[in-house]
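FYI, side chains are in, hydrogens and waters are out, and symmetry mates aren't considered; it's all heavy atoms of this structure.
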Amino acid sequence: MLQFKIPDAFSFIIQLIICISVVGLFVSILIDFTLYTRDDHIKREKKSIVETGTMTLFLFAFYLILMTKIGIVPIYDNNLKHIVITIGTIAIVCGCIMNIIGRFNLGRNWANHIKIYEEHTLVQKGMYKIVRHPLYSSIMLMFYGAVLVYRNILCFLAVTFIFIPFMYYRAKQEETLLIQAFSEYNEYKKRTGMFFPKIIKK
């Protein structure tokens with residue numbers, strides 16, 4: 001249940017939506033592992049400390065912080081509280097949808113660790129037309145959505161100062177190999193933001 005007193009029906013609906021979104025995310029990850037995990041036709045490869053396992057560990061740490069109820073920022077106005085929770089839930093749902101679509105766009109190019117396959121393609125369609133790393137952006141969005149739903153300042157700090165820097169580190173690792181593999185990647189970088197849509201394009 002949510003960590004504050006709100007109408008039971010509202011609480012149930014919010015929790016149901018969040019659970020469906022989280023399950024949807026993990027099912028899509030499982031599908032990627034099932035369909036696309038392979039060790040053949042690899043052109044370039046780099047192991048990374050930031051992968052599905054460590055991201056899942058962060059999720060568990062995030063959940064444990066929520067369970068301790070330490071760091072909750074109280075909102076005493078019920079209407080404002082419901083608005084914040086609703087906005088957070090919408091962010092979680094949007095992040096889930098963005099992640100699933102991004103995985104569909106990426107297809108066989110996906111890998112848990114960083115790999116460039118012989119038949120690798122530079123995906124620039126769908127979510128990849130909006131940002132260069134939509135899978136990471138979408139998970140950030142889901143985490144920040146959860147921060148709003150549960151109004152936890154410690155979770156906000158953990159996402160901002162631990163999760164995002166690790167995602168940036170992983171993204172830079174990937175881009176090092178992508179630049180080597182695709183001559184057009186630098187042009188793609190100029191017109192497409194890393195985690196957020198680029199407003200002013202170079």
Answer whether the closest heavy-atom distance between the side chains of Phe182 and His120 falls below 4.5 Å.
yes

OG/Ser21 to CD1/Ile90 distance, rounded to the nearest 0.5 angstrom?
11.5 Å

A quick test of your reading: do over 12 heavy atoms of other residues, nucleotides or ligands sit less than 6.0 Å from OH of Tyr188?
yes

Taking all atoms of both residues into account, what is the closest heavy-atom pair of Arg151 and Pro74, and its distance?
NH2-CA, 4.0 Å

Enter the distance from Thr176:OG1 to Gln173:CD here, rounded to the nearest 0.5 Å.
7.5 Å

Tell me, do Phe196 and Ser137 make a side-chain contact under 4.5 Å, heavy atoms counted?
no

Which of Val73, Ile65, Leu66, Val147 passes side chain to side chain contact (heavy atoms under 4.5 Å, CB included) with Leu154? Answer is Ile65

On a heavy-atom basis, which atom in Val149 and which in Gly88 lie closest, and how many Å separate them?
CG2-C, 3.7 Å

Show the nearest heavy-atom pair for residues Leu148 and Val84, with the distance to one decimal.
O-CG1, 3.3 Å

Linking I/L/V/M/F/W/Y whenever any side-chain heavy atoms sit under 4.5 Å apart, do Tyr150 and Phe10 land together?
yes

Could you go through the side-chain contact (heavy atoms from CB on, under 4.5 Å) check for Leu135 and Tyr128 one step at a time?
CA-CA 9 Å; Leu135 302 191; Tyr128 288 84; 3.9 Å; yes

Would you indicate whether the side-chain heavy atoms of Phe26 and Thr56 approach each other to under 4.5 Å?
yes

Taking the six-membered ring for Trp, are Phe62 and Phe58 parallel (under 30°), tilted (30 to 60°) or perpendicular (over 60°)?
tilted

Minimum heavy-atom distance between Tyr169 and Ser48, given as atom pair plus value:
CE2-OG, 4.4 Å

Separation between CD1 (Ile139) and CG (Leu25), nearest 0.5 Å, reads 5.5 Å

For residues 91-111, pull every pair meeting salt bridge (charged side-chain N to carboxylate O under 4.0 Å, His left out), keeping only residues two or more places apart or in separate chains.
Asp32-Arg103, Arg108-Glu119

Does Lys69 offer a backbone N or O that forms a donor-acceptor pair with the side chain of Asn152 under 3.5 Å?
no

Taking the inter-plane angle between the rings of Phe163 and Phe143 on a 0 to 90° scale, is it parallel (under 30°), tilted (30 to 60°) or perpendicular (over 60°)?
perpendicular

Common cluster, Met194/Leu141, ILVMFWY with side-chain heavy-atom separation under 4.5 Å:
no

Do the side chain of Lys198 and the main chain of Lys190 share a donor and acceptor less than 3.5 angstrom apart?
yes

In short, Asn105 meets Gly126 closest at the heavy-atom pair OD1-CA, 3.4 Å

Close side-chain approach of Pro197 and Val131, heavy atoms under 4.5 Å
yes

Nearest 0.5 angstrom please: Phe104 CZ to Ile100 CD1, how far?
12.0 Å

Side-chain heavy atoms of Gln124 within contact of Glu184, under 4.5 Å
yes

Run the ring-centre check on Phe33 versus Trp110 and record whether the distance is less than 6.0 Å.
yes

Using side-chain heavy atoms (C-beta onward) and a distance below 4.5 Å, is Arg170 in contact with Glu51?
yes

Side-chain donor/acceptor of Thr160 to backbone N/O of Leu157, under 3.5 Å:
no

Among Ile85, Asn79, Asp77, whose side chain to side chain contact (heavy atoms under 4.5 Å, CB included) with Lys81 holds?
Ile85

Taking all heavy atoms of Tyr117 and all of Asp40, pick out the closest pair and write down the distance.
CD2-O, 3.8 Å

For Thr52, does its backbone N or O pair with a side-chain atom of Asn112 as donor and acceptor, under 3.5 Å?
yes

Hydrophobic clustering (ILVMFWY, side-chain heavy atoms < 4.5 Å, transitive) - are Val159 and Tyr63 grouped together?
yes

Side chains of Lys189 and Asn186: does their closest heavy-atom pair fall under 4.5 Å?
yes

Working to the nearest 0.5 angstrom, can you tell me the gap between Lys115 NZ and Ile42 CD1?
4.0 Å

Is there a path from Met142 to Val23 through hydrophobic residues (I, L, V, M, F, W, Y) whose side chains come within less than 4.5 Å of each other?
yes

Counting only heavy atoms from other residues, nucleotides and ligands, does the tally under 6.0 Å from CD1 of Ile49 exceed 12?
no

Decide yes or no for Glu175 and His133: does some side-chain heavy atom of the first lie under 4.5 Å from some side-chain heavy atom of the second?
yes

In terms of hydrophobic clusters joined by side-chain contacts under 4.5 Å, are Leu30 and Phe60 together?
no

Rounding to 0.5 Å, atoms OG (Ser183) and CG (Leu122) come to a distance of 9.5 Å

Can you say whether the rings of Tyr168 and Phe195 are parallel (under 30°), tilted (30 to 60°) or perpendicular (over 60°)?
perpendicular

